[in-house]
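In listed order, ligands and their atoms are each counted from 1. These numbers come from a predicted model, not from an experiment.
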Amino acid sequence: MAFAITQTCCNDATCVSVCPVNCIRPTPEEQAFGSTEMLHIDPETCIDCGACADACPVDAIFPVDSLPAGQREYADMNAAYFARTEAEAQDTGDRSGPNFHPWGEPVFDRVLPPDFGPLRVAIVGTGPAGMYAAEDLLLHTRAEVTLIDRLPTAGGLIRYGVAPDHPATKKIGDTFARFLTHPRVRLHLGLDVGRDITPEEVAAHHDAVVYAVGAAADRRLGIPGEDRVGSLSATDFVAWYNGHPDVAPDAVDLSTERVLVVGNGNVALDVARLLVSDPETLAGTEIARHALAELRRSKVREVVLLGRRGPDDAAYTRPELLALKHLPEVDLVVDDHDPRIGAVIDGSRPNGKAAVLRDVAREAVDWSVPPDTSVRRRIVLRFLSTPLEMCGDADLRAVRATDGDGELLIPAGLALRAIGYRGVPQTGLPYDEATGTVPHEHGRVTGTAGAYVVGWIKRGPSGGIGANRVCAAETVGTLLADAVAGTLPAPTAGPRRFHRLARRRSRR
Ligand code: NAP
């Protein structure tokens, strides 16, 4: 029978650590782990024990013969990962039978010397990166952890970034929520480090401070009209439908028939999916009430995804693209404006991104014709195209773009710029303007003793939720090594004083 990993895989590799026959790849030790879209179960060595499904924090693992409709392709995708060339197969191990873990000397890399008192660590940010760091410290050391978040609700991108129609992904928040009430944790919400309290004040009361503040801003296109009414960042749109307190409930107007989304990463796919989904399927989710009301009033018939790359190397992942094909009452169409697009799709290797589009309709779209309101809603993938200008008068009317051969005008009343997030400078920490990150060595902030970074402010804004687990392990490992080496600055005040100070300064 075997099990298979499906769309919501978060890559945090919890399943890898519980698999008794080591049949899930790539493992965090393998090079491919850093770039894989998802993990895969080898159907030939899986012994059907289901330990991985029990441990999966996002309900992504199912027995192959009970895969839900729309997820059946994952049986083949899991198997196909192991059907590789001989050279590549070396990385996937011996497949002649169960691939039991080799016995070796046990490694206790989180154990501090017995006479070591509990460390006091502050973590700034309660999103996935901060919570994986907290989990590591709480499960593997006696550390006392102060969790701080500028918002009145904990969760970061799990709460305000994951799309509401991905409840399985949001479930990882339940795992993290357990740690918010851990006896060695103190939680301070509505406390902005740099505004309500200084980094020096936080540092003075702790042995170390871990910044897990993510990438709070959006990248800019740098084209004329970018700030016209009707041109929004997808970051704001995502925050809007998730009820983020920084975005006004009336920030989005869906009275247009066509929306253009710039970029074709997973955020672009999230916003496109939400815009064409039947609002009633979202009614039972955590979507903000104002967003649900606007989606019910929505006139949107068509969402155009404008990507500058071709179908085989677009930024989205295969599982998210596959999900677009299975949206009820929604058509997916490839704009066949360039013969290279069809050629890439037809010639794609089976595991390639473009192969997902083989059975998707192709059409040479005439952009001078408004979307047809008598047919189903649709998403149009327009590859090999770059925006040049957001055109209009007071409001956006169209997006001018180039496809290399010439220019085109795509009429649209709303444009969402889904071209990536960007980290912002943190008071008291160095900042690399080019990457929007804090310079560090294995998580230790360069030139700032006792300060550490984890997540997108450390690595830049790429990688899903689970990528933060390995990232946090590296940072926590560095912090503990520094503690043992005696290089952490000693705190000058105790925890009680900090908690009193934090309560006084909190805006909650
Ligand atoms: P992303 O994956 O980096 O995609 C950004 C997109 O914007 C790319 O298509 C990029 O094109 C395009 N772009 C960048 N600059 C541009 C410009 N000047 N003009 C035109 N296009 C431009 O970023 P993201 O979508 O924000 O996602 C961030 C991370 O979160 C990713 O790792 C993503 O997988 C993850 N995420 C995952 C999920 C999920 O699993 N469901 C959901 C949301 C986000 P190029 O590729 O040509 O640079």
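Taking the six-membered ring where the residue is Trp, His40 and Phe82 present perpendicular rings, their angle passing 60° and hence far from 30°.
The residue from Ala315, Ala323, Ala234, Pro319 that puts a heavy atom closest to atom 1 (P) of ligand 1 is Ala315. Of the listed residues (Gly265, Gly463, Ala467), the one carrying the non-hydrogen atom nearest atom 31 (C) of ligand 1 is Gly463. Considering each of Asn266, Ile419, Thr169, Val162, the one bringing a non-hydrogen atom nearest atom 34 (O) of ligand 1 is Asn266.
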- Show your working on side-chain hydrogen bond (donor to acceptor under 3.5 Å, both in side chains) between Arg308 and Ser385 and close with a plain yes or no. CA-CA 5 Å; Arg308 57 186 177 182; Ser385 304; over 6 Å; no
- Task: Starting from the C-alpha separation in whole Å, work towards a yes-or-no answer on ring-ring contact (aromatic ring centres under 6.0 Å, His included) for Phe62 and Tyr74.
- Result: CA-CA 10 Å; Phe62 298 92; Tyr74 286 94; 9.7 Å; no
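Looking at Gly263 next to ligand 1, no N or O pair under 3.5 Å apart turns up. Below 3.5 Å of separation, one finds no N or O of Thr386 facing any N or O of ligand 1. Polar contact with ligand 1: absent for Arg220 (N/O pair, distance under 3.5 Å). At under 3.5 Å, not a single nitrogen or oxygen of Thr317, backbone or side chain, sits near a nitrogen or oxygen of ligand 1.
Listed by atom number, the atoms of ligand 1 under 4.0 Å from Tyr421 heavy atoms are 26 (O). Taking a cut-off of under 4.0 Å to the non-hydrogen atoms of Arg309, the atoms of ligand 1 that pass are 45 (P), 46 (O), 47 (O), 48 (O).
A salt bridge is defined here as a Lys NZ or Arg NE, NH1 or NH2 lying under 4.0 Å from an Asp or Glu carboxylate O, and Glu257 with Arg301 fails to meet this definition. Under a 4.0 Å N-O distance rule, the pair Arg273/Asp270 qualifies as a salt bridge. Arg377 has no carboxylate O lying under 4.0 Å from a charged side-chain N of Glu302, or vice versa, which leaves the two without a salt bridge. Asp331 has a carboxylate O that lies under 4.0 Å from a charged side-chain N of Arg376, or vice versa, which qualifies the two as a salt bridge.
In terms of protein heavy-atom proximity, atom 20 (C) of ligand 1 is closest to Arg308 CD, 3.8 Å. Nearest protein heavy-atom neighbour of atom 26 (O) of ligand 1: Val267 CG2, 3.3 Å. Summary of contacts: the protein heavy atom closest to atom 3 (O) of ligand 1 is Arg219 NH1, 4.5 Å. The nearest heavy-atom contact from the protein to atom 28 (C) of ligand 1 is Pro461 O, 3.6 Å. Scanning all protein heavy atoms for the shortest distance to atom 30 (O) of ligand 1 gives Trp456 CZ2, 3.5 Å. Shortest contact from atom 43 (C) of ligand 1 to any protein heavy atom: Asp270 OD2, 3.5 Å. Scanning all protein heavy atoms for the shortest distance to atom 6 (C) of ligand 1 gives Ala418 O, 3.6 Å.
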When the side chains of residues 354-365 are checked against the rest of the protein, which donor-acceptor pairs come out under 3.5 Å, sequence neighbours left out?
residue: Arg358; atom: NE; partner: Ile345; partner atom: O; Å: 3.2
residue: Arg358; atom: NH2; partner: Ser348; partner atom: O; Å: 2.2
residue: Asp359; atom: OD1; partner: Lys325; partner atom: NZ; Å: 2.9
residue: Arg362; atom: NH1; partner: Asp346; partner atom: OD2; Å: 3.4
residue: Arg362; atom: NH2; partner: Asp346; partner atom: OD1; Å: 2.7
residue: Glu363; atom: OE1; partner: Arg378; partner atom: NH1; Å: 2.9
residue: Glu363; atom: OE2; partner: Arg378; partner atom: NH2; Å: 3.4

Which atom pairs, one a donor and one an acceptor, fall under 3.5 Å between side chains of residues 210-224 and the rest of the protein, sequence neighbours left out?
residue: Arg219; atom: NH1; partner: Ile419; partner atom: O; Å: 2.7
residue: Arg220; atom: NH1; partner: Asp227; partner atom: OD1; Å: 3.2
residue: Arg220; atom: NH2; partner: Asp227; partner atom: OD1; Å: 3.0
residue: Arg220; atom: NH2; partner: Asp227; partner atom: OD2; Å: 2.8

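Minimum interatomic distance between Trp240 and Leu254 (heavy atoms only, all atoms of both residues): CH2-CD1, 4.5 Å.
Between Gly420 and ligand 1 there is a heavy-atom distance shorter than 4.0 Å. Using a 4.0 angstrom heavy-atom cutoff, Leu221 counts as in contact with ligand 1.
For the residue pair Thr317 and Asn266, a side-chain donor N or O sits within less than 3.5 Å of a side-chain acceptor on the partner.
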